[in-house]
Amino acid sequence: MKRHTVILGAGATIAAIPKGDKNGKKSSVMVGLIEELGLGDLLENINLKTKSKNLEDIYSELYERKDCLNETKALEEQLYNYFNSLEIPDIPTIYDFLILSLTTRDMIVTFNWDPLLVQAYNRCYKISKDLPNLHFLHGNTGVAFCKVHDEYGMKNMPCPKCGERLSPVPLLYPVKEKNYNQDQYINNAWDTALESIKGSHMITIFGYSAPSSDKEAISLLKKAWEHMKGTTMEELREVSIIDIEPEDSLAKKWSNFTYSDHYYFTDNFFDSYLGIFPRRSGEMLFATTVLGLQSNNNNGFKEGMTWRDIETSLVKLLSDEKTTEKSEDYPTYNKYFEEKNNKI
């Protein structure tokens, strides 16, 4: 089975901590981010030409102005420190459900700076070691990297090859012309993400607005989609969008990245393929669309689940994974079918 790749934007972090992080701190989309994070004092004495409230427009102007070097550096430091300070709540979050809904063959690529996904991964690892790969396209405050051995992990961890402490990866701040090749880790993350998207049977885009100003990000998606044009893979691929925008707006925005009617929109993670069919989303798509089997939609993750609820719901799935040989064959997924259809 081909992999499932999930692309995350700021909306995913907002969904993960709708009431704030463990200490009540909130995240935000780029528009209004400076005010939302209480960083407005930095700009009080600067006469900005842009009237935009979008951090990308504000930062790009500061970055290009020689008279704002100190303010640009100060803004970078405060942004890094703020996002670095975010702590995941003790209760299960959307990020925990997301990570546990995927396996090692799958990948999550994210544009977000905050360490919440890393923190969620760390505690989900106690439930299952079969978890998706993570790649951070704009850097991340919770990730570090060994440039000598191309190894990465959580900050303060040693490189598994040389034992030296991993170095924090930089954040890629929102200038309009981003240089993704400048940093070794970020360059590697983009190369890996491109190959993952090319080889994915399913793609979920969660809370990512695909800003037109981020030319490199759009280029990444276009390269991956163009790779599939006119192939069987294009006809089989399913694109799922999780976003609070109206469906007609999303359909127009992503029209160049979907094939025929092979897409699904929802404003709630728990109503997505990942939420309804955790760890078996690809198999379920194949079984329902190709084999014509009828699924049971009542066995997925539910909003409000406790950690015990989650572990209980995953017992059968994780047990099947341990007894199923890792191969290209479909693992057992009978749990998701009505009793009359439970033999595949």
Hey, does [Y] have a side-chain heavy atom less than 4.5 Å from the side chain of [X]?
X	Y	answer
Ile7	Ile203	yes
Met305	Ser313	yes
Glu71	Leu43	no
Glu303	Phe269	no
Asn188	Phe145	yes

I'd like to know if Tyr63 and Leu69 are part of one continuous hydrophobic network [Ile/Leu/Val/Met/Phe/Trp/Tyr, side-chain heavy atoms within less than 4.5 Å].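 No; tracing contacts between hydrophobic side chains, which count when under 4.5 Å, never links both residues.
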
Common cluster, Tyr125/Met107, ILVMFWY with side-chain heavy-atom separation under 4.5 Å: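 Both belong to a single hydrophobic cluster.
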
Charged N to carboxylate O below 4.0 Å: is that the case for Glu321 and Arg280?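 Counted as a salt bridge, because a side-chain N and a carboxylate O are separated by less than 4.0 Å.
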
Salt-bridge present (Asp309, Lys302; N to O < 4.0 Å):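 Looking at Lys302 together with Asp309, the answer is no, because their closest N to O distance does not fall below 4.0 Å.
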
If you measure only the distance, is there a donor-acceptor pair under 3.5 Å linking the side chains of Ser281 and His4?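 Present: a donor and an acceptor within the cut-off.
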
Test item: side-chain donor near acceptor, Thr13 and Asp114, under 3.5 Å: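 Yes.
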
Between side-chain atoms of residues 117-124 and protein atoms elsewhere (two or more places apart, or another chain), which donor-acceptor pairs fall under 3.5 Å?
from   : atom 1 : to    : atom 2 : distance (Å)
Gln119 : OE1    : Ile88 : N      : 2.8
Gln119 : NE2    : Leu86 : O      : 3.1
Arg123 : NE     : Asp96 : OD1    : 2.9
Arg123 : NH1    : Pro89 : O      : 2.8
Arg123 : NH2    : Pro89 : O      : 3.0
Arg123 : NH2    : Ile91 : O      : 3.1
Arg123 : NH2    : Asp96 : OD2    : 2.7

Pair Leu79-Tyr173, side chain to side chain contact (heavy atoms under 4.5 Å, CB included): steps then yes or no: CA-CA 9 Å; Leu79 284 170; Tyr173 292 101; 4.1 Å; yes

Check: Phe270 ring centroid to Phe97 ring centroid under 6.0 Å: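 Centroid separation for Phe270 and Phe97: below 6.0 Å.
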
Within the 6.0 Å centroid threshold, strictly below: Tyr273 and Tyr264: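 For Tyr273 and Tyr264, the ring centres are under 6.0 Å apart.
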
What heavy-atom pair brings Leu166 and Ala144 nearest, and what distance separates the two atoms?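 Result for this residue pair: CB-CB, 3.3 Å.
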
Are there over 12 heavy-atom neighbours, none belonging to [X], within less than 6.0 Å of that residue's [atom1]?
X	atom1	value
Ile244	CD1	no
Asn81	CG	yes
Tyr80	OH	yes
Gln184	CD	yes

Among Leu102, Leu318, Asp320, find the one that has a side-chain contact (heavy atoms from CB on, under 4.5 Å) with Arg279.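 Single pass found, and it is Leu318.
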
Whether the side chain of [X] engages the backbone of [Y] through a donor-acceptor N/O pair (distance < 3.5 Å, no angle test) should be reported.
X	Y	value
Asp267	Ile242	no
Asn112	Gly9	yes
Ser196	Ala193	no

Atom pair OH/CG of Tyr95 and Leu116 - distance to nearest 0.5 Å: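 So the OH of Tyr95 and the CG of Leu116 are separated by 6.5 Å.
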
